[in-house]
Structure formats: structure tokens, C-alpha cells
Amino acid sequence: MAESEEEVDVLVQRVVKDITNALKRNPNIDEVGVIPCPEARCNRSPIVLVENKLGVESWCIKFLLPCVHNKLLLYRQRHNWLDREALLDLTGTLLLLNPDFTTAWNVRKELIQCGVLSPEKDLYLGQLALTRSPKSPETWIHRRWVLQHILHQPSAPPPPQPTAAGWSQELSPHLSQVLHQEMKVCADAAGRYPSNYNAWSHRIWVLQHMAKGNVKVFHDELSSMSRWVSKHVSDHSGFHYRQFLLQELITELCPTQQHCGPLTNGELSGAEATVEEEERQLRLFSVFQLFHQEMALCSDLIQSFPGHETLWSHRRHVFYLWHQWRTERHCSSRGDTDGDGAALQDARPARERNCSSSRDMDGDGAALQDARLAREPVKGPRWGVELMEVDGVDPQDSKRLKRGVAPPSLPSEHGFVSGVLRSCCCHQQRRFATAYRKWLDTVVHPTSALAQHSSCL
């Protein structure tokens, strides 16, 4: 074991060189770890490479880290000169073992800006560092900086911009590859550390900056995450990510002011109006499907894995998001008028029907009906029993919207809770179901009744 300062320096140089050579020999290394080994055994290198796994024996770290730290700090203080290759080797070794050392990341930022270091190689180093420290905030921050640098390069293709119709262009092959790699890195880090907030926040940031408005990317993410959350039913961060995806998809598919109000007369020709109406119906049907599928997934997980509060919390958020979207859309359709008042003429009969008959389920006037049914005892689950009409949609078109889609409602939610309470013996499950039913009656029910009362005025 090294004792003198000269021996320590020789040992550090040897370890740094061995790590650098291992990374060069095998560019497919996908994990870095520390091998418990309190003392050096034989006269061999403490760096172990097995297949695609790189290990560092723990006995050398207490000599390695302080020495590399000091060399890097002396360089930053201009007390010691290091060439670029030495900087790359020192910072790479240091960050694999201690990825939260900000100074090392800053040095590599300067090397990227000078063109000495490839941004892709730095992303690879960060990927390896995250296998050892999945929550490292400095690593995630630096990773975002590198991605911004890639996006701002003159040769890099720009992020896709939404088209005039609101649908997004396809990603370029290069941007699609970077995006796919980032999703994989985030998924691996989230799997290594439960509730890894830093990884999920980075994943959201990547989508916002590299795929904003791209409906296909967001929809693919939502579909791929179904399997992940089914295996991590207690990880709230994963369900929060699904909530973000759902909100973004709803915003892109059916903006309240642009696509959900009634069509104005006289501005479009007959053919254009028909195409616009068809697209609006398709978007509306897609939103209904999103809510239906999300509630169905949540119901399946709650029944398969009883007693997990995260699942009930997610269900509460999704149902409230549906309730809020439905209310905003109803207000938008009532307030969106054209110059000759045609939209107002279309909206007035709907309000009169809502106020005159409690049986009328036109549009979001179903809130009063839901509130009345919520007070009545519900016998068994009622998924798909009560279907909601759509404001401003022709009766023939509404049949296409409702085919195979049962939007959530207060009666269906009360029926689901009643079914859970009857069939489940888990104390925690019953407690969460009771709390959810109380939330429905105290939060959603009053707002539904208030919205219905306002629409009748």
C-alpha cells in the first residue's frame, strides 16, 4: 500500500490511466461501480473490467479522490498547468467516482466550448456516472447544459415546430436518436433509485425542449410508461410524469379556445368547414380516449395492487383534470361568439334545455345529473352506463365519439368505490377508497353543481 507522497502520486496516475484505457478499449461500458476491497491484494491494478461492467476496488479511492481534487483545484487557481488530455482524464476519473463535484463539470464545459471535447462523449460520461449516483443533481444539470449546446449548434437540426393545424412535424433522425437515448438514461436512473425526482424532472425538461407540441412523441411516452408504472405502483414520481404527459396531450389535441368552441359561420367554405369539423371531432375523440384509458389503467392497478396510496392519488388527479377540462370547455363553448351572434343563438337552446329538464345530458349539463345520482345508492360498478354527450356535436357524429369510450363521471366513480369497498378486505385499501369518495362529495360535487347553476343563469 502506498505511504509516501511520491508513491501516492504514482498510484493515482496509474489508476487514472487504467480507467481511461478501459473506456477506450470498450466503448460499450454501461455501468460503473465500487468493489468492496479494504486492502490491495497482490500487485495488480484496482480497475476490473468484466464484459461491459467497470469496477474500482474501494481501497484505492481514499488515495485517488483527494489527489485528483487537489490537482484540479490547483489548475483552476492557475497554480498548476495541465494539458487538455490530462484534464479529460482527471475530470473523467473524478466524476465517475464523485459526480457532484461542480468544478470538474465546469472544466468539461470549457473543453466542449473550445471544441476539444465532443458533447456526445460527455453525455456518455454522465450516463456512466448516473449508474453509480442516479440522483446526482450536478450530473443532471450538466446534462441539460450539454443538450442545450447540441440544440444550439449551427449544424444541429432545429426542434420541430407545430404546424398551422396544431399537429407537429416529425423529429429529425439525429434529434430522435438523442431523445431516445435520454429517455433510456432517465428510465435506468429511475429504476435504480425509487422516486428519483431529478431523473423525472430531467425527462420532463427534455420533452419540453426537444419535442414540445409533438403529439406522437408524447403519446408514445404515455403508452410506454404504462408498463413501468405497473411495476412501480408506489413510485409517485412516475405517476406525476404520466400526469404531465396527459396534460400536454390534452392541451395539444384540444385547446379550449381554438378547437373546442363552435365553428363560426361565414369564415370557411363548405368543404373547409367539413374538414375542420372532422379534425375537431377526431381531436375530441382522442381526448376522450385518453381519459378513458387512463382511468381504466388506474382501476386495474388499484384492484391488482390494493393498499397503495399513490394509485388513489393519481386517480384523484386524473378525474379532477377531466372535470376541470370539461368545465373549461363548457365555459368556452358558451362564451365563444362570432360577429353576427350565431354562436350565441346556438348556445341559448342548450342552456334552456339544461335548466328545463334534469334528464338532459347535453354537453356538460350532465353535472347536475351527476350530482343528483351521486346522492343515491349505487349498486355495483357503472363503467360505461352513463355516456356524456358532446357540446356542439351533431347527434350522428356523437355516436362515433362515444363508440367504445366511457368518459368518467361522478356516478361511475361512486360505483367503482362501492365495488372496491364490497370486495376488498385490505384495511388500507378501504381507507383510501373511503377518502376518495369523501373527496368526490366535498370537492367535485359542489363545483359541478355550481357550474350547472351558473350555466342556467
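Every value quoted in this text rests on a predicted model; they were computed, and no experiment measured them. This chain uses plain numbering: 1 for the first residue, then up along the sequence.
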Main chain of Ile29, side chain of Tyr124: is a donor-acceptor contact present, judged purely on distance under 3.5 Å? yes
ring-ring contact (aromatic ring centres under 6.0 Å, His included) filter on Tyr436, not counting sequence neighbours, yields Trp312, Trp439
With under 30° as parallel and over 60° as perpendicular, where do the rings of Phe218 and Phe244 fit, or are they tilted in between? tilted
Tell me if a side-chain donor or acceptor on Ser133 pairs with a main-chain N or O of Leu130 at a distance below 3.5 Å. no
Under the side-chain contact (heavy atoms from CB on, under 4.5 Å) test, which residues partner Arg44, sequence neighbours left out? Arg41, Glu57
Can you confirm whether more than 12 heavy atoms, excluding those of Lys121, are under 6.0 Å from its NZ atom? no
With Ser226 via side chain to side chain donor-acceptor pair (under 3.5 Å) - residues at least two apart: Arg242
When you look at CD of Glu309, are more than 12 heavy atoms from neighbouring residues, nucleotides or ligands closer to it than 6.0 Å? no
Output for pair (His314 NE2, Cys298 SG), nearest 0.5 Å, gives 5.5 Å
Exam field: side chain His292 to backbone Phe288, donor-acceptor pair closer than 3.5 Å: no
Parallel, tilted or perpendicular: ring planes of Trp81 versus Tyr75, cut at 30 and 60 degrees: tilted
Given 3.5 Å as the limit, does a donor-acceptor pair link the side chain of His152 with the main chain of Gln148, or not? yes
Between Gln177 and Gln181, is the side chain to side chain donor-acceptor pair (under 3.5 Å) condition met? List the steps. CA-CA 6 Å; Gln177 182 181 3; Gln181 181 63 26; over 6 Å; no
Residues that Ser195 engages under side-chain contact (heavy atoms from CB on, under 4.5 Å), provided they are two or more places apart: Asp235, Ser237
Closest non-hydrogen atom pair between Thr327 and His323, with its separation: OG1-O, 2.8 Å
Residues that Asp220 engages under salt bridge (Lys or Arg N to Asp or Glu O under 4.0 Å), provided they are two or more places apart: Lys216
Is the closest basic N to carboxylate O distance between Asp188 and Lys184 below 4.0 Å? yes
Interatomic spacing from CE in Met210 to CG in Leu151 - rounded to 0.5 Å: 5.0 Å
Salt-bridge contact Glu248-Lys212 (side-chain N to carboxylate O under 4.0 Å): yes
Dump the intermediate steps for side chain to side chain contact (heavy atoms under 4.5 Å, CB included) on Ile150 and Glu120, then the final yes or no. CA-CA 9 Å; Ile150 293 176; Glu120 286 74 16; 4.1 Å; yes
In this structure, which one of Asn106, Asn98, Thr102 forms a side-chain hydrogen bond (donor to acceptor under 3.5 Å, both in side chains) with Glu138? Thr102
Donor-acceptor side-chain pairing of Ser234 and His308 below 3.5 angstrom: yes
Who pairs with Ser423 by side chain to side chain donor-acceptor pair (under 3.5 Å), at least two apart in sequence or on another chain? none
By salt bridge (Lys or Arg N to Asp or Glu O under 4.0 Å), Glu110 pairs with (sequence neighbours left out) Arg76
State, to 0.1 Å, how close Leu72 and Phe101 come at their nearest heavy-atom pair, and which atoms those are. CD2-CE2, 3.6 Å
I'd like to know if the side chain of Trp322 reaches the main chain of Pro408, judged simply by a donor and an acceptor atom lying under 3.5 Å from each other, with no hydrogens or angles considered. yes
Tell me, do Asp30 and Thr131 make a side-chain contact under 4.5 Å, heavy atoms counted? no
For Ser201 and Asn198, indicate whether the former's side chain and the latter's backbone hold a donor-acceptor pair under 3.5 Å. no
If only atom types and distance count, is the side chain of Gln429 paired as donor or acceptor with the main-chain N or O of Ile302 below 3.5 Å? yes
Does His236 offer a backbone N or O that forms a donor-acceptor pair with the side chain of His240 under 3.5 Å? no
If I take atom CZ from residue Arg203 and atom CD from residue Gln208, how far apart are they, to the nearest 0.5 angstrom? 13.5 Å
Using the side chain to side chain donor-acceptor pair (under 3.5 Å) criterion, which residues pair with Thr93? Sequence neighbours excluded. none
What pairs of residues pass the salt bridge (charged side-chain N to carboxylate O under 4.0 Å, His left out) test when at least one of them lies in residues 81-97, not counting sequence neighbours? none
Check side-chain contact (heavy atoms from CB on, under 4.5 Å) between Ala199 and all other residues, then give those that pass, not counting sequence neighbours. Trp140, Ala189, Asn196
Apply the side-chain contact (heavy atoms from CB on, under 4.5 Å) test between Arg192 and each candidate in Lys135, Glu31, Arg132; give the one that qualifies. Glu31
Hey, does the side chain of Asn26 reach the backbone of Ala22 with a donor-acceptor pair shorter than 3.5 angstrom? no
Does Lys53 NZ have over 12 foreign heavy atoms under 6.0 Å away? yes
After noting the C-alpha distance and the side-chain angles of Phe416 and Gln303, does the key distance pass the side chain to side chain contact (heavy atoms under 4.5 Å, CB included) rule? CA-CA 10 Å; Phe416 175 77; Gln303 293 173 342; 3.5 Å; yes
Determine, stepwise, if the pair Leu125 / Arg108 fulfils side chain to side chain contact (heavy atoms under 4.5 Å, CB included). CA-CA 11 Å; Leu125 176 68; Arg108 296 184 75 88; 3.3 Å; yes
Donor-acceptor pair, distance only, cut-off 3.5 Å: does the side chain of Arg143 make one with the backbone of Leu123? yes
Polar contact flag, side-chain donor to acceptor under 3.5 angstrom, Gln243-Gln247: no
Partner residues of Trp200 under the ring-ring contact (aromatic ring centres under 6.0 Å, His included) criterion, sequence neighbours left out: Trp228, Tyr241
Could you work out, with side-chain contact (heavy atoms from CB on, under 4.5 Å) as the rule, every residue matching Arg78, not counting sequence neighbours? none
